[in-house]
Number of protein chains: 2
Amino acid sequence: MKPILIVHGGAGDIPQSRVQGKLDGVRLAVKEGYKVLLHNGSALAAVEAAVVSMEKDEYFNAGYGSVLNLAGEVEMEASIMSGQNLDVGAVTLIKDFLHPISIAHKVLTDSPHSLLGGQGAKQFALEKGFQTVPPESLISENAKAALNEFLKRGEFGRTEIGIAEGGVGTVGAVAIDTNGHIAVATSTGGMSGKAVGRIGDTPQIGSGTYADDNIGGVSTTGHGESILKYCLAHSIIKLMENGTDATTATKNAVTGMTSRLKNTAGAITLSKNGDIGIYFSSNRMAWAYIKDDKLYYGIEQNEVHEDGYVKT
Amino acid sequence: MKPILIVHGGAGDIPQSRVQGKLDGVRLAVKEGYKVLLHNGSALAAVEAAVVSMEKDEYFNAGYGSVLNLAGEVEMEASIMSGQNLDVGAVTLIKDFLHPISIAHKVLTDSPHSLLGGQGAKQFALEKGFQTVPPESLISENAKAALNEFLKRGEFGRTEIGIAEGGVGTVGAVAIDTNGHIAVATSTGGMSGKAVGRIGDTPQIGSGTYADDNIGGVSTTGHGESILKYCLAHSIIKLMENGTDATTATKNAVTGMTSRLKNTAGAITLSKNGDIGIYFSSNRMAWAYIKDDKLYYGIEQNEVHEDGYVKT
């Protein structure tokens, strides 16, 4: 089948000043991942490439640009899942690597375990040849501003954000490759002003990430604690397994979560047949996908832009 | 309604020498929890009390008696969930507290977050008045023997065990109280010979633990990486939501996981109507429940013992 790739750059009350940067970033990321698929790369390699592109980008809350915890530190987490055999790799409480998603992918391929955290995750990454970076090199001006705003405001917003943003922008990607295999990757810095040691939905399988070749793939973003209580990704997967289409499943699960838990989220979904679901209960969510070699993207409710055919 | 409490003491190839200790332990634990329910305690308080009883008990892989990682250390994790509002508390990478489930319960009530890990979890526990214990005080002779056996064998078994055991015995409890509220708690030391920093299914909501007053509650045990890839607890919940009874849902999800991922697990389930599901694809799983004031228990396939009326 023709490959498809869809990415998101985080759901939340994204301020106007950050809209263009996010739109540019998701379009770049989806092209980076799609290139891998067109060269017969695997869905796993493609979602990693798309997420790596956003982890490098200051406009997203993942890798460089991650938001800060109450101690002013970056603590990141990421997960990746193969729909072929349900293999999982995930990491959490990562402080000094630029690309948590690549370490997560290595956990998937090289560890008997699925999720590694903190010092153990660092030790694994070093053994596998990943290079540390100075933790302060991951901190952006925007992330500092977001923490300061949080400390002034003193409470969490309804999504992973500050009004000055910085907490918006968990990133994710879902792909189906030419062999019909599905993979999903998600990466985040969490929420501004989170407690030291807080683990969110992103490394929890079925909450931030889920992939099953027999059904489809989902990556979520938004208020992490609500997403994990609702098992948002797995809820969408189970609706599709029972015959609901990707669009309706994504909308129904996200609105179900928001109705039950009073916080917002978004999700991107691909069915095994290549149908796409995009839905967010937050004000904005940056997303982009390439299907039949055409690129589509958006960030507002009920907005779809088309870039036309992708030159690769 | 009349309260019900069900507990498990872990699924696996439990050696004969450990059978009686586990049967005694689950019967004690279910009585401890039931006592709370009879005194109009909440389902949350009851599942915590049942799990605390097993965390103290050397016969279970949780709290004292937890199995050891490759560095010879205890690293524990636990989660607790309220079916009333889907509130969650969970901790992971806990090294020096006897009762991880009580810290998890405090996360549920006192933290804006759902899951705390490592140093951050320790800091939270200390702020809330929990007392540390010397890490070596949590190590049992059986756990040492299990690690030694793992190091000789050099590979993970199909469940969380060694042949000499020690890795068997994640504990869990599911309760419905007189107000019809459901709660679930799960606590574990993980698997013998796990990498430092390995996080399993227990703190991942939807994998080790799930509760929803509108549907029911589930606690799982077995091969952690398989349970989290399959989202075992949430899979059982979703089957029940779609009309499958507790017994069939538990059996179908556990056998589905074992068929797809070739590892074994077990689960205990309560529906909102008080129907019970108990199923394990491993050789043995210790379990006990009290319903209509009668205590039932077992550990072998197709075995149910009855203790008769519980004096409380």
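Throughout, protein chains are lettered first and strands after them, A, B, ... in sequence-line order, and every chain is numbered starting at 1. The model shown is predicted, which means the values in this text are computed figures rather than measured ones.
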Among the listed options [options], the residue most often paired with chain B at heavy-atom distances under 4.5 Å:
options: Thr92(A), Asn85(A), Asp87(A), Val91(A); value: Asp87(A)
options: Gly206(A), Ala121(A), Gly117(A); value: Gly117(A)
options: Ser235(A), Gly200(A), Gly118(A); value: Ser235(A)

Distance in Å, [X] [atom1] paired with [Y] [atom2], rounded so as to fall on 0.5 Å steps:
X: Met81(A); Y: Leu228(B); atom1: CE; atom2: CG; result: 8.0 Å
X: His234(B); Y: Lys238(A); atom1: NE2; atom2: NZ; result: 9.5 Å
X: Arg260(B); Y: Asp212(A); atom1: CZ; atom2: CG; result: 4.0 Å
X: Leu86(A); Y: Met257(B); atom1: CG; atom2: CE; result: 10.5 Å

Report, one line per pair, each donor and acceptor closer than 3.5 Å where one atom sits in a side chain of residues 249-256 of chain B; sequence neighbours left out.
{"residue": "Thr250(B)", "atom": "OG1", "partner": "Ala246(B)", "partner atom": "O", "Å": "2.6"}
{"residue": "Thr250(B)", "atom": "OG1", "partner": "Thr269(B)", "partner atom": "OG1", "Å": "2.8"}
{"residue": "Thr255(B)", "atom": "OG1", "partner": "Lys251(B)", "partner atom": "O", "Å": "2.7"}
{"residue": "Thr255(B)", "atom": "OG1", "partner": "Asn252(B)", "partner atom": "O", "Å": "3.2"}

Would you call Lys194(B) and Pro112(A) a side-chain contact if the rule is heavy atoms closer than 4.5 Å? no

Are Gln204(B) and Pro203(A) packed together at the side-chain level, in the sense that at least one heavy-atom pair is separated by less than 4.5 angstrom? no

side-chain contact (heavy atoms from CB on, under 4.5 Å) filter on Leu93(B), not counting sequence neighbours, yields Glu75(B), Ile199(B)

Can you tell me which portion of [X] sits under 4.5 Å from chain B's heavy atoms? Options are side chain, backbone, both or neither.
X: Ser226(A); answer: neither
X: Ile237(A); answer: neither
X: Gln119(A); answer: neither
X: Phe124(A); answer: neither

So which part of Ser111(B) gets closer than 4.5 Å to some heavy atom of chain A, the side chain, the backbone, both or neither? neither

If I measure from the heavy atoms of chain A, does Asn242(B) come under 4.5 Å with its side chain, its backbone, both, or neither? side chain

Could you check Leu115(B) against Arg198(A) for side-chain contact (heavy atoms from CB on, under 4.5 Å), going step by step and ending with a plain yes or no? CA-CA 6 Å; Leu115(B) 172 55; Arg198(A) 178 261 192 181; over 6 Å; no

Find the one option among Asn214(B), Val107(B), Asn69(B) whose heavy-atom pairs under 4.5 Å with chain A are most numerous. Asn214(B)

Nearest non-hydrogen partners of Ser114(B) and Lys229(A), listed with the distance: OG-CE, 3.6 Å

Do you know which two heavy atoms are closest between Tyr230(A) and Tyr210(B), and how far apart they sit? CA-OH, 3.8 Å

